[in-house]
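The next block holds one structure in the form of structure tokens; read it before the comments.
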Amino acid sequence: MVDRSGDQKADPFLLQYQPAELRIASEFFNEWLPFLSRGLCHTCSRTLSDRIRSLQPEPDASSGQLRSGQTTVSSIASAGQSCENCTEDHEDENFDQNSLGSWKDGADACPASVPEDSASRGLLGPPPGADNNTSSPRKSWADMAQEDEFVDEEEQVDSSKEAVGLGCSPLVTRAAGKPQLPREQREYIRFMNVKRKKDFMCFERVRGKLINILDGLELHSGVFSAAEQKRIVDRVFELKEMGMKGELKERTFTAPQKWMRGKGRVTLQFGCCYNYATDRTGNPPGILKNEMVDPIPQLFKVIIKRLVKWHVLPPTCVPDSCIVNIYEEGDCIPPHIDNHDFLRPFCTVSFVSECNIVFGTKLDILGPGEFSGSVAIPLPVGSVLVLNGNGADVAKHCVPSVPTKRISITFRKMDEKKWPVGYAPEPDLQGIEPLSFEVEMTSTVRSTSPKPEQLPPRRQPIDKEGKTEARRAAFSEPRYGNRGRRGPGSRRRVKVDVES
């Protein structure tokens, strides 16, 4: 078999794409290999697998997944299937006509039916350190195109820093890629498609008054694509690995021993160190002013900007701290109300798997990790729950024992009076402006849409009397005028003799 590892460099079509785009395409087609190789002989299946693997810019962590995909193709091909139109020479020059480069825009279309086993596994595989049983969000071709939203913002920050250091203008140079909508337009489209639920209701009597204890809760779905969720989860596991190796500050990473069911979830704190309960030295619950943790990672700053720009959090309450909770099966969070060292509103983002959060003015502890309350709200994967008003200060909330792995990131803004000693606000989190719902989107669409061609005025036909039909129509009553007065056309007139 001919080595196709040089196809990426030789194929002019692939030179139009960034390495990140090629990696996404490789991971996508690798997941679809069982479907694409159906009915192919072993040689054609192996050739298809090699062509897809050649899209990888360089070997990385995902190469293991590709190797596993290759094994799958080999096992499918070894079932004794053969190509109907397969020629004896699989490596001739005509074979290159069916390369990925010749698919062009036709690759954007996905088959209508997908085998359940391949579609349900997730297109990028489990995150590092996660079991294969962990459910991952399904990912469409459109999601892959959206993965660059986070990549672009991080590249802009890095390039700006390098350019400023070299005395150059902070511009990002990008190779010529395939034609697509401007980044701002894509962002507006996704922003306008976010689903927002703000009508949570649960009435309880508090201090003699019947109030809605869920007033102020909001659930936003569609803020992060499946590809972005994958990127965030991978980063969380990288930070966890750094904490286990001692590469983070002491109070940033915490991994208590599991001494009972529901106890022992791993946490990562950035921006400030928060004390859940009175510790051995007598420090009360709240922000510890004399303890330092690592600053907020760059990717998490991009998340914060997204939350503010997309109207999930107000610009008056931009988070400056966050805490990451990494749940194993059976872990939980007991009933509590978030400390008022943090301002309202704050939010929590859910990843990897769905779970319930329970609210109520009184939450009963039924057993280790088991709680009961007035209402349980499901938190879908990738959703953002905003807590404010009664939902943050009147009702307690808790997370019962989760059935499988889960990750949550809670973003909060510190009260300035509670800032740790030596803390300085992040410069790139200042002055974030939310997007406009209508005005800017309309102007953007108008400016980018082509102007319709102006056709010459149509000549009106002239009747025998010398009057144009247009002039006659101007003085005549529209046809639908009388019809509206008479009512529906199917209604019949009935003459009634009143005197009899």
Side-chain angles (χ1 to χ4, degrees), residues 122-123 135-154 180-201 214-233 235 299-319 322 344-357 377-389 391-392 406-413 429 432-445 448:
L123 296 178
S135 61
S136 59
R138 292 185 63 179
K139 182 176 173 186
S140 65
W141 182 264
D143 288 332
M144 296 183 195
Q146 294 165 1
E147 185 173 22
D148 289 340
E149 303 294 345
F150 278 179
V151 174
D152 287 347
E153 292 197 35
E154 288 188 308
Q180 59 182 356
L181 290 174
R183 183 179 180 277
E184 293 77 10
Q185 215 169 329
R186 299 200 313 268
E187 183 177 14
Y188 268 110
I189 293 173
R190 292 187 57 196
F191 158 63
M192 297 300 291
N193 287 327
V194 172
K195 298 179 180 179
R196 309 175 193 271
K197 180 175 174 58
K198 304 181 181 182
D199 56 351
F200 293 99
M201 289 188 182
L214 300 184
D215 182 49
L217 288 187
E218 299 178 7
L219 186 64
H220 301 254
S221 303
V223 181
F224 305 102
S225 68
E228 291 167 345
Q229 294 176 42
K230 167 68 167 52
R231 182 172 174 83
I232 295 169
V233 170
R235 182 57 178 158
L299 181 59
F300 291 4
K301 293 180 184 178
V302 177
I303 298 175
I304 292 174
K305 294 177 183 178
R306 168 77 58 83
L307 296 175
V308 177
K309 292 179 66 176
W310 287 23
H311 293 257
V312 178
L313 292 175
T316 56
C317 197
V318 179
C322 69
R344 271 60 170 159
F346 57 92
C347 71
T348 181
V349 192
S350 300
F351 299 102
V352 180
S353 66
E354 180 176 320
C355 76
N356 289 336
I357 182 170
I377 299 176
L379 301 177
V381 176
S383 65
V384 185
L385 180 69
V386 179
L387 292 89
N388 197 11
R406 176 179 182 261
I407 291 176
S408 69
I409 307 179
T410 301
F411 294 94
R412 298 180 288 198
K413 180 178 177 62
L429 292 181
I432 305 175
E433 294 293 335
L435 299 177
S436 172
F437 275 101
E438 296 180 357
V439 180
E440 295 184 21
M441 182 59 180
T442 305
S443 61
T444 303
V445 174
T448 56

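Fair warning: this is a prediction, and the values are worked out from it, not measured in the lab. Quick note: residue numbers are just sequence positions, from 1.
Side-chain contact check for Leu379 versus Arg406: some heavy-atom pair is nearer than 4.5 Å. Between Ile303 and Ile232, some side-chain heavy-atom pair lies under the 4.5 Å cut-off. Side-chain contact between Asn356 and Ile377 is absent, with no heavy atoms from C-beta onward closer than 4.5 Å. Between Pro434 and His311 the shortest side-chain heavy-atom distance falls below 4.5 Å. Side-chain contact between Val233 and Val352 is present, with at least one heavy-atom pair separated by less than 4.5 Å. Between Ile304 and Pro319 there is a side-chain heavy-atom pair separated by less than 4.5 Å. Using a 4.5 Å cut-off on side-chain heavy atoms (C-beta onward), Pro345 and Cys317 make contact. A 4.5 Å side-chain heavy-atom check between Lys413 and Thr316 finds every atom pair outside the cut-off.
Closest heavy-atom contact between Pro380 and Pro378: CD-O, 3.4 Å.
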Might you work through the side chain to side chain contact (heavy atoms under 4.5 Å, CB included) test for Leu219 and Val384, ending with a clear yes or no? CA-CA 6 Å; Leu219 186 64; Val384 185; over 6 Å; no
Evaluate the side chain to side chain contact (heavy atoms under 4.5 Å, CB included) criterion for residues Cys347 and Leu307: first the C-alpha distance (whole Å), next the side-chain angles of each, then the deciding distance (0.1 Å), finally the verdict. CA-CA 9 Å; Cys347 71; Leu307 296 175; 3.7 Å; yes
For the pair Glu218 and Asn388, evaluate side chain to side chain contact (heavy atoms under 4.5 Å, CB included) and give the outcome as yes or no after the intermediate values. CA-CA 8 Å; Glu218 299 178 7; Asn388 197 11; over 6 Å; no
Full working for side chain to side chain contact (heavy atoms under 4.5 Å, CB included) between Val349 and Val223: CA-CA 10 Å; Val349 192; Val223 181; over 6 Å; no
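A donor-acceptor pair under 3.5 Å is absent between the side-chain atoms of His220 and the main chain of Leu385, judged by distance alone. Here the side chain of Gln229 pairs a donor or acceptor atom with the backbone of Phe224 at under 3.5 angstrom.
Atoms CH2 and CZ, from Trp310 and Arg190 in turn, are 4.0 Å apart once rounded to the nearest 0.5 Å. Rounded to the nearest 0.5 angstrom, Lys301 NZ and Phe411 CZ are separated by 12.5 Å. Summarising the geometry, atom CZ belonging to Phe200 is positioned 8.0 Å from atom CG belonging to Leu214; distances are rounded to the nearest 0.5 Å. Here Leu313 contributes atom CG and Lys305 contributes atom NZ; the two are 15.0 Å apart, rounded to the nearest 0.5 Å. Between the CD atom in Glu228 and the CG atom in Leu299 there is a gap of 9.5 Å [rounded to 0.5 Å].
Atom NZ of Lys195 has 12 or fewer neighbouring heavy atoms from other residues, nucleotides or ligands inside a 6.0 Å radius.
Annotation: side-chain hydrogen bond (donor to acceptor under 3.5 Å, both in side chains) contacts of Lys198 (sequence neighbours excluded): none. Every residue two or more places apart in sequence or in another chain that forms a side-chain contact (heavy atoms from CB on, under 4.5 Å) with Thr410 is listed here: Ile323, Phe346, Thr348, Arg412.
In this pair, Phe191 and Phe437 present their aromatic rings tilted. The plane angle is within the 30 to 60° band.
Using a 4.0 Å cut-off between charged nitrogen and carboxylate oxygen, Glu187 and Arg306 do not count as a salt-bridge pair.
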